[in-house]
Every structure is written in structure tokens, then in C-alpha cells.
Chemist: 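Quick one: the structure is below, questions incoming.
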Amino acid sequence: MDELLHEMIRDTIRKIPAGRVATYGDIADLSHAPTAKLVGHLLNTDHTSLPWHRVLRANGTCAPHIAEEQLRLLEEEGVPSTNGKINLHTYRWEEAVKPQEEDNTPTLF
DNA sequence: ATAATGACCAGGC
DNA sequence: AGCCTGGCCATTA
């Protein structure tokens, strides 16, 4: 397996600041990973020394089996949740959203 | 090699 | 709002 890729993913997750969250897709994109699923798989196999609780699903919810623990840890960091959902619009890691969306097309009609 | 599963995502109904 | 389907990649049987 690609240990290098694993390291990049883990490094990206480590960069998530406290009080913020990121989605699996964001991590996949920032860490140059092919898909979000690989990120989840990595966390499933090896989540040691990682702020795994700052990684959420795209809709702002967390994985079912860890939800309780995750919500508790996030709340301790200052990230409240309503009905098991986090407000990504407010707490999403800024760096994860930054990617350059190509400017408005100059070839506009 | 195929099939199934998983801490996923987006679209359709 | 919920539920289903297909796509995605890696691992396992």
C-alpha cells in the first residue's frame, strides 16, 4: 500500500485546527487522495495520534458508531451540534474550502 | 479474478 | 424529511 499517501492524509488531518472541522472529501482533496473513501478507510485502520473527531461527513453528520464520542469531543473544543449535526457553514475548516474555483469564465458570451 | 464491505458522496424519487 | 442507486477506491474472502 502507499505509505506515502497515508502519511499525507494523516498529515492533512493533523493540520485541522481545534474548533474547526473538515469533511472526508475535503481531506481527500487537500491530501491528494483519490477519494473520500480512502480517508475513511485510513481512519478505520489507523486513527492513532489523529484528531479524527474533526473529520465529518459531507452533510455535517458523523459516522454512526463514533457519533457519541465525536460529538462530545467536538463540543469540548467549542463546536456545538444540533441533533447530531454540525453547522459546516460556520465551523468548516477554511483551508478546506479555499481551493481555487476557476474564476468566472472570461469567455462569457 | 469476481464479490462484498466500509468512519464516503451526489443525485433521484 | 427519508430511502435507494450508482460511482468511487482499498482491503479481504
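Just so it is clear: chains get the letters A, B, ... in the order the sequence lines come, proteins before strands, and each one is counted from 1.
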Chemist: Taking atom C1' of B/dC9 as reference, at what distance in whole Å does atom NZ of A/Lys37 sit?
Modeler: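 Rounded to the whole Å, the gap is 9 Å.
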Chemist: Check the surroundings of atom CD in A/Glu68: do more than 12 heavy atoms from other residues, nucleotides or ligands lie under 6.0 Å from it?
Modeler: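 For A/Glu68, atom CD is not crowded (no more than 12 foreign heavy atoms under 6.0 Å).
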Chemist: Grab the CG-P distance between A/Asn83 and C/dG2 for me, whole Å please.
Modeler: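 To the nearest whole Å, that distance equals 9 Å.
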Chemist: State which of B/dC8, B/dC9, C/dC9 makes the closest approach to the side chain of A/Ala63.
Modeler: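 Closest nucleotide to the A/Ala63 side chain: B/dC8.
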Chemist: Give a yes or no on whether a salt bridge exists between A/Glu69 and A/Arg72, defined as a side-chain N under 4.0 angstrom from a carboxylate O.
Modeler: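 Between A/Arg72 and A/Glu69 there is a salt bridge, with a charged N closer than 4.0 Å to a carboxylate O.
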Chemist: Could you tell me how far apart A/Ile27 (CD1) and C/dC9 (C1') are, to the nearest whole angstrom?
Modeler: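 Interatomic distance, CD1 of A/Ile27 to C1' of C/dC9: 17 Å.
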Chemist: Figure out the CG/P separation between A/Leu88 and B/dC9, and round it to whole Å.
Modeler: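 Taking CG of A/Leu88 and P of B/dC9, I get 10 Å after rounding.
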Chemist: From the options B/dA7, C/dA10, C/dC8, select the nucleotide whose nearest atom is closest to the side chain of A/Leu38.
Modeler: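 Selected nucleotide (nearest to the side chain): C/dA10.
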Chemist: I need the CD1-C1' distance between A/Ile13 and B/dA7, as an integer number of Å.
Modeler: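 Answer to the nearest Å: 10 Å.
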Chemist: Check every atom of B/dC8, C/dC9, B/dA7 against the side chain of A/Arg57 and return the nucleotide holding the closest atom.
Modeler: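 Closest of the options to the side chain of A/Arg57: B/dC8.
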Chemist: Is it the case that the side chain of A/Ser81 and the backbone of A/Gly84 share a donor-acceptor pair, with hydrogens and angles ignored and the cut-off at 3.5 Å?
Modeler: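 Not confirmed, A/Ser81 side chain does not pair with A/Gly84 backbone.
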Chemist: When you get a sec, tell me which of B/dC8, B/dA7, C/dA10 is the closest nucleotide to the side chain of A/Pro34?
Modeler: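 The answer is C/dA10.
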Chemist: To the nearest Å, how far apart are A/Leu42 CG and B/dG6 C1'?
Modeler: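 Going from A/Leu42 (CG) to B/dG6 (C1'), I get 13 Å.
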Chemist: Between B/dC8, B/dG6, C/dC9, which nucleotide gets closest to the side-chain atoms of A/Asn44?
Modeler: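 For the A/Asn44 side chain, the nearest candidate turns out to be B/dG6.
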Chemist: Measure NE2/A/His41 against C1'/C/dC9 and give the value in whole Å, please.
Modeler: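 Result: 9 Å.
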Chemist: So, A/Arg20 and A/Glu77, do they make that salt bridge, N to O below 4.0 Å?
Modeler: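 Here A/Arg20 does not pair with A/Glu77 in a salt bridge, since their nearest N and O are not under 4.0 Å apart.
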Chemist: Could you state the atom-to-atom distance from CG of A/Asp26 to C1' of B/dC9 in whole Å?
Modeler: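 That distance rounds to 12 Å.
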